Amino acid sequence: MPFNVHPSYISDFMALKGECKIVCLTASTAPMAAVLDEHCDLLLVGDSLAMTIYGFDSTADMTLDIMIRHGKAVASRAKTALVIVDLPAGSYERSPGQARRSALKIMAETGADGVKLEGGEQMVKQVAALTSAGIPVMGHIGLLPQQVRPPKLFEVMGRTEESINQLHLDMEALVNAGAFAIVCEGIVEPVARALALSCPVPTIGIGASCACDGQILVSEDMLGLFDDFRPKFVHHFSNLKGVIAEAAAFYRQAVNDGTFPADNNLYAPAAGVSEQC
Ligand code: KIV
């Protein structure tokens, strides 16, 4: 295998189901991964970084190479949390072979513990191709952000009989194909609850139900840094946008009034010796 998956990491994660609530967040940079690692069971390098880091209006323009760059940064700092990298749109849907090539590249080049892809029944061949190659796969059902392109809006799932049946079929298909966990996004509460209670692998909710085995949020949403778009399921646990704006204003003030840089930020000359930083 051109990559290493620690044998117990995935089974330890799966064993959390029923033991405690599973805490997951997205991370896309090394410093963020270093801070979040000890607080999370899983860090997802989600392709939502298209919006939160790059300012795109959808995940459409994400590439495998961009995801690999961020995956590598996050994996380099995550010591205990599982690191999962999203397969970006266009890198897996065409065929199981395409999915396998893309996932192997992610695994070989990032040091991540697995990949995530969106879709249930329709992606079952892709998921099976990856799991049979030893690549841990996290599924993603319900609202699938990669299929939402502006002006199309995010649509909550599970409001019709047909949609409810499809969600159950999707979950079952992913479990049978060997997914080790399933993200349930934007699914009405009682339906998400029923899915979580009947699913043998951990379900991770986002805009779904408290009954899911764990929860995930996009970190920039959770931190109150990104508010271009705020779905109902987002809660700001901080106001990082305000904190950054305040620091920038203090900095501007200090530069303008000449109090920064102060003497202790400057290098003094020492005859004949070049000073270390
Ligand atoms: O890309 C992402 O951040 C995700 C989460 C919303 C689950 O897929």
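Atoms within each ligand, like the ligands themselves, are counted from 1 in listed order. Not measured: the values here are computed from a predicted model.
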If we ignore angles and hydrogens, is there a donor and acceptor under 3.5 Å between the side chains of Q166 and E121? yes
To check you understand the geometry: which heavy-atom pair defines the closest contact between G139 and A179, and what is its length? N-CB, 4.2 Å
Between H70 and Y54, is the ring centroid distance below 6.0 Å? yes
Regarding Q146 and T59, is there a side-chain donor-to-acceptor distance under 3.5 Å anywhere? no
Can a side-chain donor-acceptor contact be found between T63 and D65 if the only test is distance below 3.5 angstrom? no
Sort out the contact shell of ligand 1: every protein residue with a heavy-atom distance below 4.0 Å, listed by chain and number. T26, L44, G46, D47, S48, D86, K116, H140, E185, I206, V218
Is there a side-chain contact between M138 and L42 (heavy atoms, below 4.5 Å)? yes
